[in-house]
K.L.:
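Here it is, the structure, as structure tokens.
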Amino acid sequence: LMRNVRKRKRELGYFYQEYKVFIIAIFLIILVIVGINGYNYLKVKFRVYQQNEFVGDNPYINIKNSYLINENNKSFIVINYEIYRYGKRDRLDVNSMVLDIDNKEYFPNRNICHNFDYLGNCYKKQYVGDKVNSYILVYEIESFSEKNSYLLYKESYDNSFKVRLKVEKL
């Protein structure tokens, strides 16, 4: 048994000595490919976008405007966005789009979206394709302060993004 182990080790050493250049070249190519993919993944995952900037590696959403509206002693943030999917027909999961206001999370309320039709159309699980479509999201918030940080983000397997909002009062 030990003789076989020593023989395999010796043969592996001979193989490495003979093909050292090719082994190192293949290892470096694999390392470069993994490094580039890792860098691109981290660059897209942790980047914070601004309003009016297409988001992601395969750009598909653009936050155009965000508004603060006070109605009936309640505060709402309405986000107007454009969306398209190049070469792919898909639906957007709006429930995974979270509004973070100083580490407090708010989720879109599609039941009150129709109250703000004058700002845009509500997204009702329509298919998104190659044509640019404009929709709104409505978030009911507790209070508004200009000092707060407003960040819209979505975490998912294929599309993650963070957008810093500049909220305007209407």
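What's counted below: heavy atoms across the whole structure, side chains too, no hydrogens, waters or symmetry copies. No experiment lies behind these values; they were computed from the predicted model shown.
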K.L.:
How long is the span from the CD1 atom in Ile63 to the CD1 atom in Ile83, to the nearest 0.5 Å?
P.N.:
9.0 Å
K.L.:
Kindly give the heavy-atom pair with the smallest separation between Val163 and Gln51, and that separation in Å.
P.N.:
CG1-N, 4.2 Å
K.L.:
I'd like a table of donor-acceptor pairs (distance under 3.5 Å, sequence neighbours excluded) in which one partner is a side-chain atom from residues 67-75, with atom names and distances.
P.N.:
unit_1: Tyr67; atom_1: OH; unit_2: Asn65; atom_2: ND2; d: 3.1
unit_1: Asn70; atom_1: OD1; unit_2: Ser75; atom_2: OG; d: 2.8

K.L.:
With clusters built from Ile, Leu, Val, Met, Phe, Trp and Tyr whose side-chain heavy atoms come within less than 4.5 Å, directly or transitively, what are the remaining members of the cluster of Ile36, listed by chain and number?
P.N.:
Val32
K.L.:
Honestly curious: do Tyr16 and Phe27 fall in one hydrophobic cluster under the side-chain, below-4.5 Å linking rule?
P.N.:
no
K.L.:
Does OH in Tyr19 sit with more than 12 non-hydrogen atoms of other residues, nucleotides or ligands closer than 6.0 Å?
P.N.:
no
K.L.:
When the ring planes of Tyr81 and Tyr135 are compared, do they come out parallel, tilted or perpendicular, using 30° and 60° as the limits?
P.N.:
tilted
K.L.:
Is the number of heavy atoms from other residues, nucleotides or ligands under 6.0 Å of Phe22 CZ greater than 12?
P.N.:
no
K.L.:
Tell me if the centroids of the rings in Phe76 and Phe116 come within less than 6.0 Å of each other.
P.N.:
yes
K.L.:
Measure the spacing between NZ of Lys166 and CD of Gln50 and express it to the nearest 0.5 Å.
P.N.:
5.5 Å
K.L.:
Applying the 4.5 Å side-chain criterion to the ILVMFWY set and letting contacts propagate, would Phe54 and Val48 be lumped into a single cluster?
P.N.:
no
K.L.:
Decide whether Leu119 and Val138 are clustered together by the hydrophobic rule: side chain heavy atoms of Ile, Leu, Val, Met, Phe, Trp, Tyr closer than 4.5 Å, transitively.
P.N.:
yes
K.L.:
Could you list the residues that satisfy side chain to side chain donor-acceptor pair (under 3.5 Å) with Asn121, not counting sequence neighbours?
P.N.:
none
K.L.:
Looking only at the side chains, is there a donor atom on one of Ser66 and Glu168 sitting less than 3.5 Å from an acceptor on the other?
P.N.:
no
K.L.:
Going only through I, L, V, M, F, W and Y residues with side-chain contacts under 4.5 Å, is there a path from Ile79 to Tyr106?
P.N.:
yes
K.L.:
Residues two or more places apart in sequence or in another chain: which of them pass side chain to side chain donor-acceptor pair (under 3.5 Å) with Glu18?
P.N.:
none
K.L.:
Any link between Leu28 and Ile23 through a network of hydrophobic side chains (Ile, Leu, Val, Met, Phe, Trp, Tyr) touching at under 4.5 Å?
P.N.:
yes
K.L.:
With sequence neighbours left out, which residue pairs that include part of residues 3-43 fulfil the disulfide (SG to SG under 2.5 Å) condition?
P.N.:
none
K.L.:
Could I get the full list of side chain to side chain donor-acceptor pair (under 3.5 Å) partners for Glu53, not counting sequence neighbours?
P.N.:
Arg47
